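Remarks on the structure that follows.
FYI, side chains are in, hydrogens and waters are out, and symmetry mates aren't considered; it's all heavy atoms of this structure. The shown structure was predicted, so the numbers you read here are calculated from the model rather than taken from an experiment.
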Amino acid sequence: MGHPGLVYRDGFQYAYASFYTITIPFTGVLFLKRQWIIGKRFGFVTPGEMFADYYGSEAIRILTVIVAMIFSVPYLGVQLRASGFLFNVLTDGMLGVEAGMWMLSIVVIIYVASGGLRAVAYVDTLQCLLLAFGILVIGVITLNAAGGWNALQVGIAKLTSPEIIPALGTMIDPKRTPDGYSHYTAIPGVIQFVKSGPSAAGGAWTGVMCLTYMFALMGIQSAPAFSMWSFANKNPRPFAPQQVWASSAGIGFILIFFTAIQGLGGHLIGADANALKAGIATDVLQIGGNIMEMPGKQGMIVPALIHLMADTAPWLVGLLAVCALAAMQSTGAAYMSTAGGMLTRDLYKRFLNPEASHTTQKLFGRIGVVIICGLALLVATTSKDALVLLGGLAVAFGFQMWPALIGICYVPFFTRQGVTIGLILGLIAVMMTESIGVSWFGITAWGRWPWTIHSAGWGIFFNLGACVIVSAMTQGGDNKEHKKKFHDFLADVASVPASKAGLKPMAWIVTIVWFIFAIGPGAVIGNTIFGNPNDATTWMFGMPSIWVWQIIWWFLGVCMMWLLAYHMQMSTMPDKDIVALVEDIGDVRTARLDTDKP
């Protein structure tokens, strides 16, 4: 819903966000297998249990639950409200936004509370296929409405041309980067030292902004919910196929091409009043005005595109609506189930009823699901402004778990005090550089995303910096022997094979180069390397240079993921069996956990 709309509004400079199909599972490559191994070895069910045991700190347990809640409630609220908005558009206003939102939430609560993680996993599998199908079909519908591939290319060239249109008295796209290029076909530099990212000349998506925004989205898979999902797997065998082929290659291909077609194509079929006046667009959508002046703004693009088929194929409208709803449900359900489990294990069982039986824990887990969904609905229904403010915190908060995960998976140097203080400072820095901090605390020295650095970037700067400094000062007081058990076991089971140890420097170089040039400061090269954005006759393959650059680095990103996940064996099955030291998982007790025969 949101991605094609932001491509419509901000062009290919925002389309760098499509690389989250690589950066999110990249987080999984680093952490999921190692967390699974630790979870099976020591019997952890929630990330709070893992962090509290490893660092010897109940404060980290509580902070983990707080991050999980702040991640889950606003994230779920945004998803549910978007679904209500879709219901409202597709029924021509007959069904209110709140009514649609509540209807969907009841469905989600029923299957999450009754079936737990297993039900969510099965439903999400189907929803993933529906999501991919929906994006692809809506892209094809848009391409057809625009007149085909050649017409789309010509239309983009005219849309971004610096030529003055007499009917407008200006260019079709008067918003230009500092280099004079259309903001649809170029990023506005490496960085801009402005008080607020959205106020940057030519758009907010500088190279540094794209990179730190990717940090935020990487927080999705470093959030406590995904730690719990890693524990829940029978074995790590599905990790690598999901990370490399399903997400990076499959969904990456669909986003790089078809969401770009939806977003830029929207300008050519009636969503953009300037394009219509200039005579380069046809009014296929017939929305009766400029979409950016309507209540849903760019968020109406996808519902409007779905609605295109109302007369010719009404059955397809229904199917695509189901696909869109599936996309909204899938992530929300995943966070509801895990957050409910964390409330039960890390708060109720730990502090209120340590002897709680498996049955009791399931009951309170279901109650937790209802509470989380109720809170999300309450915020989404009563305070749309608060929902937007809190929604900005969700993924950036999740990314602040990186130092804690790095410590337990790789770096024994990080201490309890360093990780705790770093996490607290990181969460505060995220709040202070997001809309919520600016509005609630009346900050005037800076605005949202100062210096075109996303709040996740500011958060990790203070978080990791404090973590390193405090850890260096508190080395003597930490339980080194206890932590050594974890790292010795990981070194024995999860380390890179000796035959491939020499490839580590090459893997580091490949990863760093990809992050710099694919989604970071080096991406500015992509503005012009394959043609002048202002002169379509110089465009290689008839496409803007920035789009060609994104396609090339998407392919290279898939290769990088294959190198790490498969060749370096960071997401493959461990060669050795894992013997559990802690066998109590609910009421079920096992003496041995075999990786091949769970």
Side-chain angles (χ1 to χ4, degrees), residues 26-39 41-42 44 47-64 67 215 218-219 221-224 226-227 230 397-430 456-498 501-505 507-509 511-512 515 564 568-570 574 581:
F26 171 79
T27 306
V29 168
L30 292 183
F31 299 126
L32 285 192
K33 175 182 172 179
R34 287 176 171 251
Q35 286 188 90
W36 179 87
I37 289 171
I38 290 171
R41 175 69 166 175
F42 298 98
F44 301 132
E49 294 173 348
M50 176 179 69
F51 291 131
D53 183 18
Y54 175 80
Y55 290 108
S57 170
E58 292 300 322
I60 294 180
R61 183 196 297 269
I62 301 300
L63 284 171
T64 303
V67 170
F215 288 172
M218 287 158 70
Q221 208 156 103
S222 60
F226 267 89
S227 293
S230 72
F397 264 31
F399 185 63
Q400 302 313 306
M401 300 304 300
W402 263 60
L405 287 170
I406 290 171
I408 196 169
C409 292
Y410 294 98
V411 183
F413 172 79
F414 289 171
T415 64
R416 174 182 68 251
Q417 298 92 331
V419 168
T420 304
I421 293 173
L423 180 55
I424 292 171
L425 290 180
L427 298 179
I428 292 172
V430 168
W458 287 108
I460 203 64
F461 174 79
F462 287 98
N463 185 347
L464 192 57
C467 182
V468 171
I469 294 170
V470 175
S471 293
M473 298 167 60
T474 55
Q475 284 296 304
D478 221 9
N479 188 352
K480 291 184 178 181
E481 288 303 314
H482 179 65
K483 294 198 302 184
K484 190 173 182 294
K485 291 190 301 183
F486 287 76
H487 291 282
D488 286 348
F489 185 68
L490 286 174
D492 182 49
V493 176
S495 60
V496 175
L503 296 176
K504 280 185 178 180
W508 270 102
I509 292 170
T511 302
I512 292 170
F515 269 82
L564 299 175
M568 302 301 290
Q569 299 183 14
M570 295 181 71
L581 297 181

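- Taking the ring centre of Tyr55 as origin, the terminal cationic atom of Arg416 falls outside the region bounded by 6.0 Å and 45° from the ring axis.
- Remark: side-chain polar atoms of Thr27 are not paired, donor with acceptor, to backbone N or O of Gln221 under 3.5 angstrom.
- One N or O on the side chain of Lys483 and one on the backbone of Pro412 form a donor-acceptor pair closer than 3.5 Å.
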message = side-chain contact (heavy atoms from CB on, under 4.5 Å) for Lys504 and Met568? Distances and angles first, verdict last.
response = CA-CA 8 Å; Lys504 280 185 178 180; Met568 302 301 290; 4.3 Å; yes
key: Steps toward side-chain contact (heavy atoms from CB on, under 4.5 Å) verdict (Met218, Phe26)   = CA-CA 8 Å; Met218 287 158 70; Phe26 171 79; 4.0 Å; yes
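- Atom CD1 of Ile424 and atom SG of Cys467 lie 12.0 Å apart (nearest 0.5 Å).
- Put simply, the residue from Val411, Ile408, Ile460 that forms a side-chain contact (heavy atoms from CB on, under 4.5 Å) with Pro403 is Ile460.
- Pairing each heavy atom of Asn463 with each of Gly426, the nearest pair is CB-CA, 3.8 Å.
- Among all heavy-atom pairs drawn from Leu490 and Cys409, the shortest one is CD1-O, 3.6 Å.
- Side-chain contact between Phe486 and Asp53 is present, with heavy atoms from C-beta onward closer than 4.5 Å.
- Separating the CD1 atom in Ile38 from the CZ atom in Arg34 is a distance of 8.0 Å, to the nearest 0.5 Å.
- Atom CG of Leu405 and atom CG of Leu30 lie 9.5 Å apart (nearest 0.5 Å).
- The heavy-atom pair separating Ser495 from Ala491 by the smallest distance is OG-O, 2.7 Å.
- Closest of all the heavy-atom pairs between Val496 and Ala501 is CG1-N, 4.1 Å.
- Ring centroid separation for the pair Tyr54 and His487 comes in under the 6.0 Å cut-off.
- If you take CG on Asp492 and CZ on Arg41, they are separated by 8.5 Å, rounding to the nearest 0.5 Å.
- Ring-plane geometry between Phe31 and Trp402 is classed as perpendicular, the angle between the planes exceeding 60 degrees on a 0 to 90 degree scale with a lower cut at 30.
- Distance check, rounded to the nearest 0.5 Å: CZ of Phe489 to CZ of Phe42 gives 7.0 Å.
- The side chain to side chain donor-acceptor pair (under 3.5 Å) test applied to Gln35 returns Ser227, not counting sequence neighbours.
- Residues Phe414 and Val468 meet the side-chain proximity criterion, which asks for heavy atoms closer than 4.5 Å.
- Considering OG1 of Thr64 and CE of Met401, their distance stands at 4.0 Å, rounded to 0.5 Å.
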Residue pair Leu423, Phe397: steps toward the side-chain contact (heavy atoms from CB on, under 4.5 Å) verdict = CA-CA 9 Å; Leu423 180 55; Phe397 264 31; over 6 Å; no
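- His482 contributes no side-chain N or O that, together with a main-chain N or O of Gly56, makes up a donor-acceptor pair within less than 3.5 Å.
- A side-chain hydrogen bond (donor to acceptor under 3.5 Å, both in side chains) with Thr415 is found for exactly one of Asn479, Thr474, Thr420, namely Thr474.
- The minimum heavy-atom distance linking Phe413 with Gln475 is given by the pair O-NE2, 2.6 Å.
- Listed by chain and residue number, Asp488 satisfy the side chain to side chain donor-acceptor pair (under 3.5 Å) test with Lys484 (two or more places apart in sequence, or in another chain).
- Of all the heavy atoms in Phe51 and Ile60, the pair that sits closest is CB-CG2, 3.4 Å.
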